[in-house]
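Protein chains get the first letters and strands the later ones, always in sequence-line order, with residue 1 at the start of each.
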Amino acid sequence: MKRIVSLLLMLAMMLSIASVASFAVAEEPITLYCVTGKHAGGIPASRDDDFVYTTILDRTGVAVILDDLQDYYTALGNRISSGDIPDLMYVSPDYAQQLASQGLIRDLSDMKETETWQHIMATYGEDTDIPSNYYGDEMICIPAAMALGDYYYEIYTRADWNEKYGLKNPTTIDELYDYCVWIRDNDPDGNGIADTIGFTCWGLTGLCAITAPYDVAFGNYLLIRDGKVTNTLLQPRMLEALETVKKFYTEGLIDPGMFVNSESKATTFSGKVGVVAMPWSNLDKAKYTEQYKEVTPEAVYLPIEAFDAGEGPRYTLAAHDVYVGDKMVVNADISDEKYEALLKVLDYMTTEEGEMLVYMGLEGRHWKVDENGEKVMIKENSAETNYTHEYQWMGRNDARYLGLKFPEAAASVEWGLRYNPLEYFNSSVVIDPDDYDLPTMEDYVKTQLIAFFKGERELSAEEYQKFLDELYNIYDFQTYMDIATKQLVDQGLANE
Amino acid sequence: MTKAPVISHLGHLSRWERFRRAFIRWWPMYLMLIPGIIYFATFKYAPMSGLVIAFKKFNVKKGIWGSPWVEPWYKYYKQFFGSPANTRIIGNTIRLSLWKLAMGMFPSLIFAIAVAECKRRWFARIVQTISYLPHFFSWAVVYGICLAMLNQRNGVVNSVIRKLGGEIIPFMTSNKYFPGVLVGSDLWKGLGWGAIVYLAAIMNIDTSLYEAATVDGCGRFGQIWHITLPGIRKVFVVLLITKVGNILDAGFNQVYIMMTDEVRMSGEIIDTWVYTQGIGKLNFSLGTAVGLFKSIISCGLVFFTNALARKWDSALW
């Protein structure tokens with residue numbers, strides 16, 4: 001008996017050694033660990049169900065492990081401070097500069113000598129190679145194409161109310177005012193309660209729908225006018241824009257919940273608002289349309305033309321180089337093997353198949369070519385592709401991508417791409433915190449602009465001048481403008 | 001139980017000799033201290049060496065000791081105290097903390113006494129259990145509840161005010177009311193939980209004292225005043241000392257979640273500022289410098305409160 005037990009034990013040990021040995025010889029794919037904070041919904045819980053992961057692994061032999069972190073910058077900061085730095089990080093341009101100043105990310109300049117670079121430029125455009133990708137002479141970000149339309153704020157009205165009550169879409173700020181008054185006073189939802197509101201939007205950026213026609217946005221935004229660097233706060237029509245918004249606000253035409261995105265969205269989805277300014281991607285995508293149709297089946301939100309206040313129709317705000325400024329950066333200590341693997345993946349993403357994979361998913365399962373030779377989404381499976389933008393490391397061609405992926409929002413996309421945004425240059429300027437305390441100044445600007453239009457601070461030319469004096473004398477605004485001007489001039493974007 | 005050693009007759013010995021003798025006699029007890037000492041040394045005292053980055057330009061790659069010293073050494077303090085927002089955020093922090101301290105101590109005390117005085121125990125237990133619940137809600141949930149109750153457009157409170165013909169109150173969007181919302185929601189969340197310690201202390205009071213007081217003709221309020229309150233005085237002071245020690249912590253999670261640009265002037269506190277300036281921008285040195293400043297102030301306040309408590313014979317040490 002003892003002998004049998006001994007034999008069995010020996011057999012078990014040998015088997016386990018053999019299995020370990022077999023694992024040891026099995027070839028493990030090279031793994032790239034990548035973090036983002038995009039909060040995309042629908043990332044499959046199991047990697048085997050992530051068709052982008054499996055396809056990239058199949059085509060390149062590289063396993064891209066993607067982690068979409070909650071409370072992104074806190075989580076990333078904690079990882080970095082503890083030395084657990086991911087291979088790839090999706091970060092804003094100023095964060096990339098901070099990482100570069102600490103030597104934490106790799107200089108990618110040598111990528112320019114590779115074929116991958118040629119392919120990236122050919123696929124995503126040479127205009128992706130922009131100054132904010134650099135820290136001194138080092139290229140620190142993987143170039144990414146402009147993502148414009150997704151975050152454009154557009155103006156929508158309730159087409160069903162227009163039809164029902166014979167309302168005309170407003171075309172000027174004055175008409176917008178009258179339109180909002182009508183919505184406020186005439187109970188268009190017919191519930192017998194005065195609970196409808198004229199206008200809602202997403203925070204100060206959304207107010208740009210009203211202020212952009214004055215060539216103004218509420219916040220610290222660097223502009224270039226006549227080749228010179230200036231700031232929205234110094235624009236001649238700022239006071240006029242503030243007065244207009246104040247009139248809307250104090251007369252109860254603007255949703256008081258506009259500073260909380262979820263509340264503004266709730267107002268919109270519950271069918272209580274006449275005019276909405278928000279990114280089309282939060283209203284016009286099929287999943288959101290379904291949501292508001294569930295609460296207010298008759299609601300039809302359609303985009304309208306931008307208002308004109310004498311400076312030309314504009315209703316949104318966009319950074320000069322790229323609206324969504326976040327880019328992919330690479331850990332400075334990445335091994336040569338992993339770097340090669342990264343180039344391989346990037347190269348794959350520049351192929352037609354790779355590009356379509358991160359745009360629309362798999363051919364035959366998520367999209368197909370229709371009888372006209374056009375690529376179209378397969379509706380039944382399109383929800384599976386909700387997260388593919390997590391893999392759009394080199395951005396995308398919005399005019400092509402959005403139209404293909406969200407045909408239901410074609411009108412909004414077309415609308416969004418048609419208008420010239422109020423173009424600002426903040427993301428082309430890097431402010432070292434040791435040189436200037438930018439967040440504190442920006443916070444002060446926002447609080448004071450809000451105080452002006454909410455009536456908490458007197459709105460007059462004298463008081464506005466006093467506010468500017470505070471900026472210059474207490475917040476050292478001139479230093480900021482000097483740094484910004486120098487950098488923009490150095491980049492050839494402005495004249496001396 | 002073994003009696004404590006009498007060491008008064010050892011007074012002529014040196015301190016080291018006394019310790020040696022005590023150690024030989026009580027070595028199992030000293031042995032049991034070792035894990036505790038290791039724990040505190042490893043997790044509490046050793047990390048304190050990291051405070052040095054408050055005076056260095058911390059670079060993650062170079063590490064704590066490899067990072068260069070800043071010039072001047074008080075650079076981050078200058079940055080913090082030199083910020084135009086400094087007076088406002090320190091003022092907000094202290095104001096909010098004091099309000100939270102007052103509202104976190106007295107209402108819980110009153111609530112605990114009320115529950116202890118309730119003769120129907122089943123009712124007291126239900127009330128107590130319900131009052132604990134909000135403590136387990138995250139601040140995000142509490143924020144959602146606050147929005148549902150207090151928002152201007154269709155919040156419950158404003159709907160009632162509107163129905164009664166009153167003026168709508170911008171609780172969540174006005175600098176005038178926002179601190180009140182922060183203090184109120186903190187009170188709501190912590191009331192029941194804060195009462196637990198008081199209730200435990202009340203339960204420990206000798207019931208014969210109450211019986212004697214009843215016999216002597218003392219009423220309910222008299223009993224509370226003369227027996228209950230003095231009976232829980234020590235617990236109250238201990239809690240006060242610990243809370244005063246945290247006076248510069250006005251509740252980062254709560255403020256960070258509930259604050260918008262509209263109410264930044266009244267809501268921004270030291271921790272949210274440090275988060276934006278420090279952690280958010282990888283400026284760990286600034287965060288550490290401010291953290292050290294907060295700790296020194298808090299430590300001083302704890303000593304001060306303890307000295308004050310000594311006057312009423314309730315000091316912690």
Side-chain angles (χ1 to χ4, degrees), chain A residues 71 73-74 76-78 80-83 85 94-95 97-99 101-104 193-195 197 200 203-204 218-219 252 255-260 262-263 266-267 270 272-273 332-333 433-434 437-451 454 456 470-471 473-476, chain B residues 50 53 57-64 67 70 75-76 79-80 82-86 88-89 143-144 147-148 151-155 158-159 162-163 168 170-176 256 258-268 272-273 275-284 286-287:
Chain A
D71 197 3
Y73 283 106
T74 310
L76 183 58
N78 288 338
I80 289 170
S81 60
S82 60
I85 307 174
D94 59 334
Y95 201 85
Q97 299 285 331
Q98 290 293 325
L99 291 172
S101 72
Q102 299 217 5
L104 294 169
I193 305 168
D195 59 353
I197 210 145
T200 195
L204 288 179
F218 285 173
D255 180 10
M258 60 167 266
F259 287 98
V260 183
S262 58
E263 221 187 310
T267 311
S270 59
K272 298 288 178 195
V273 68
D333 295 329
D434 284 350
D437 180 1
L438 183 62
T440 303
M441 183 272 276
E442 290 193 327
D443 285 346
Y444 186 70
V445 165
K446 280 188 264 181
T447 57
Q448 295 313 294
L449 291 174
I450 293 168
K454 281 178 75 176
E456 290 169 354
E470 286 163 9
L471 277 186
N473 299 331
I474 303 172
Y475 291 84
D476 204 8
Chain B
I53 67 169
K57 189 168 174 59
F58 179 62
N59 182 304
V60 178
K61 275 198 103 170
K62 291 178 183 163
I64 293 174
S67 299
V70 283
K75 180 183 162 180
Y76 295 110
Q79 196 175 337
F80 175 60
S83 166
N86 173 267
R88 174 169 55 85
I89 60 170
Y143 178 55
L147 268 185
N151 89 55
Q152 255 170 285
R153 206 177 59 77
N154 55 6
N158 273 319
S159 298
R162 195 186 289 132
K163 280 234 160 85
I168 283 172
F171 293 106
M172 306 291 289
T173 58
S174 156
N175 284 307
K176 191 172 159 192
Y256 189 68
M258 296 176 94
M259 185 172 65
T260 60
D261 284 333
E262 277 180 296
V263 288
R264 188 175 289 281
M265 294 304 272
S266 63
E268 182 150 50
T272 52
W273 185 85
Y275 176 79
T276 324
Q277 292 274 350
I279 316 299
K281 302 259 176 202
L282 289 181
N283 196 348
F284 298 107
L286 177 67

Calculate, to the nearest 0.5 Å, the distance between atoms NZ and CD1 belonging to B:K61 and A:I85 respectively.
-> 7.5 Å

Measure the shortest side-chain to side-chain distance between B:F284 and A:S81 over non-hydrogen atoms and say whether it is less than 4.5 angstrom.
-> yes

Residues which pass side-chain contact (heavy atoms from CB on, under 4.5 Å) with A:K272, listed by chain and number, not counting sequence neighbours = A:D189, A:N191, A:D195, A:T267, A:S270, B:R153

Would you check, one step at a time, whether the test side chain to side chain contact (heavy atoms under 4.5 Å, CB included) holds for A:T74 with B:Y275?
-> CA-CA 9 Å; A:T74 310; B:Y275 176 79; 2.4 Å; yes

Heavy-atom distances under 4.5 Å only: say whether A:Q448 touches chain B with side chain, backbone, both or neither.
-> side chain

Proximity breakdown for A:N78 and chain B, heavy-atom pairs closer than 4.5 Å | neither

Please look at A:E456 and chain B and tell me whether the side chain, the backbone, both or neither of the residue comes under 4.5 angstrom of a heavy atom of that chain.
-> side chain

A:I80 and B:V60 have their tightest heavy-atom pair at O-CG1, 2.9 Å

Chain A contact via B:K62 - which portion, at a heavy-atom distance below 4.5 Å | neither

All heavy atoms of B:Q152 vs all of A:P256, minimum pair found to be OE1-CB, 3.2 Å

Based on non-hydrogen pairs under 4.5 Å, which of A:T447, A:L449, A:D333 is most in contact with chain B?
-> A:T447

Exercise: identify the closest heavy-atom pair between B:T260 and A:F259 = CG2-O, 4.0 Å

Could you tell me which of B:N283, B:L286, B:N59, B:T173 has the largest number of non-hydrogen atom pairs under 4.5 Å with chain A?
-> B:N59

Non-hydrogen side-chain atoms of B:M265 and A:Y444 separated by less than 4.5 Å = yes

Partners of A:S101 by side-chain contact (heavy atoms from CB on, under 4.5 Å), sequence neighbours excluded?
-> A:Q98, A:Y135

So what's closer than 4.5 Å to chain B heavy atoms on A:D255: side chain, backbone, both or neither?
-> side chain

In this structure, CD1 of B:I89 is separated from OG1 of A:T440 (nearest 0.5 Å) by 7.5 Å

Which atoms of A:I193 approach chain B - backbone, side chain, both or neither, heavy atom under 4.5 Å | neither

Using a cut-off of 6.0 Å, state whether more than 12 heavy atoms not belonging to B:K176 lie near its atom NZ.
-> no

Measuring from A:L204:CG to B:E262:CD, what's the distance to the nearest 0.5 Å?
-> 8.5 Å

Could you tell me which portion of B:K75 (side chain, backbone, both or neither) has an atom closer than 4.5 angstrom to a non-hydrogen atom of chain A?
-> side chain

